[in-house]
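To keep things clear, I will list the structure first and then write my remarks on it.
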Amino acid sequence: MSLMNTSQLTLIEKFLDLATKRQSLLVSNIANVDTPGYRTQDMDFHGEMIRALSEDPETPVSATPRDVPGLLSRPDGNNVSVDREGLLLAELQLKYQAATQAMRQEFSLIRSAISNPT
Amino acid sequence: MNLFGLLQITGSALLAQRERAEISASNLANADTTRTIDGGPYKRQNVIFAAAHPLSNGFAATLASFSDLHTETVQVAGVVQDETAPVRRYDPGHPDADATGYVSYPNVNPVEESVNLMEAARSYQMNVSALQTTKAMIQAAISIVQ
């Protein structure tokens, strides 16, 4: 564990990577809100996060998208729920901001360690 | 796919919804048009949406194929004509009336088109929200290095 490779930074990095992947699924769902036959895609964020942390820190994160069960299908086969996607979008944005703030905090700690040798 | 790539997905949806609104507006505008280049009354147009994988050709596509996530943009697969019969109204004085005095008007239902237009506008707004969220995330990511 070096100065620039703390477990905190690894944790936040994995989180931001996974959040980006989830955002891509949410955005894709919203883009296809009127596409006949399109099925809502999402991932098990919690499960993927635990898996990502158990892996080597250098391994890029991966996630398996899956169909979301329990959503109401429209007659054209599309089951995108605007409420669900909007809610998750807002939630993910706030979590992403919290994580970036935490990362800035971590860097400012490292910076103060560099600039204040005693 | 990074955050900037997501802007492309949302952009494709904005484009598709705009085209849908344009077609609806054209249907409404031509709701009483009895003469067209092809002859006969105007026929209602319909857009068809289809999901497509972003970057469908070239190097970027090959690179994207290594990605583990299956994200999809939306595209207008085609504009088709509604081939249902025209609405016939009795108006013998009309220059386009046939021998029996009936005029063929377009098969456009203004109520249906208005609803379609509203739907397109709402979907457009939803995608703008998604765009703003992605933008805020990019700004947050940039703020790490500030």
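In what follows, every heavy atom counts, from backbone to side chain, and hydrogens, waters and symmetry copies are set aside. Everything numeric in this text was worked out from a predicted model, so none of it was measured. In what follows, chains carry the letters A, B, and so on, assigned in the order in which the sequence lines appear, proteins first and then strands, with residues in each chain numbered from 1.
- Contact annotation for V33(A): only side-chain heavy atoms (C-beta onward) come within less than 4.5 Å of a heavy atom of chain B.
- In terms of heavy atoms, N32(A) sits closest to T73(B) at OD1-O, 3.7 Å.
- D34(A) is listed as a side-chain neighbour of R20(B), based on a closest heavy-atom distance under 4.5 Å.
- For K43(B), the NZ atom counts as loosely surrounded, since its 6.0 Å shell holds 12 or fewer non-hydrogen atoms of other residues, nucleotides or ligands.
- Between the OG1 atom in T134(B) and the CD1 atom in I30(A) there is a gap of 8.5 Å [rounded to 0.5 Å].
- Across A13(B), A51(B), S143(B), A136(B), the residue that shares the most heavy-atom pairs under 4.5 angstrom with chain A is S143(B).
- Between V27(A) and the options L3(B), T133(B), T10(B), L7(B), a side chain to side chain contact (heavy atoms under 4.5 Å, CB included) holds for only T10(B).
- The heavy-atom pair separating A31(A) from V74(B) by the smallest distance is O-CG1, 3.4 Å.
- For the atom pair CE (M137(B)) and OG1 (T20(A)), the distance works out to 5.0 Å, reported to the nearest 0.5 Å.
- The shortest heavy-atom contact between Y96(A) and A140(B) is CD2-CB, 4.1 Å.
- Contact of Q139(B) with chain A is not made at all, since no heavy-atom distance falls under 4.5 Å.
- Ranked by non-hydrogen atom pairs under 4.5 Å with chain B, the options N29(A), D17(A), L89(A) are led by L89(A).
- With a 4.5 Å cut-off on non-hydrogen atoms, L26(A) does not touch chain B at all.
- Side-chain heavy atoms closer than 4.5 Å link hydrophobic residues (I, L, V, M, F, W, Y) into clusters, and following such links, even through other members, never connects L9(A) to L109(A).
- Shown here is R66(A), whose CZ atom has more than 12 heavy atoms of other residues, nucleotides or ligands within 6.0 Å.
- Criterion: ILVMFWY side-chain heavy atoms under 4.5 Å apart, direct or through other members. Under it, L94(A) and L87(A) are not part of a common hydrophobic cluster.
- Judged by distance alone, with hydrogens and angles left aside, the side-chain atoms of S28(A) form a donor-acceptor pair with the main-chain N or O of E72(B) at under 3.5 Å.
- Hydrophobic cluster membership differs between V47(B) and Y38(A), with clusters built from Ile, Leu, Val, Met, Phe, Trp and Tyr side chains linked at under 4.5 angstrom.
- Interface residues of residues 102-130 of chain B toward chain A, defined by a heavy-atom distance below 4.5 Å and sorted by number: E119(B), S123(B), M126(B), N127(B), S129(B), A130(B).
- Put simply, L131(B) and I138(B) are part of the same group of oily side chains (I, L, V, M, F, W, Y) that touch within less than 4.5 Å, one to the next.
- Under a hydrophobic-cluster definition in which Ile, Leu, Val, Met, Phe, Trp and Tyr are linked whenever side-chain heavy atoms come within less than 4.5 Å, directly or via other members, I144(B) and I142(B) are assigned to the same cluster.
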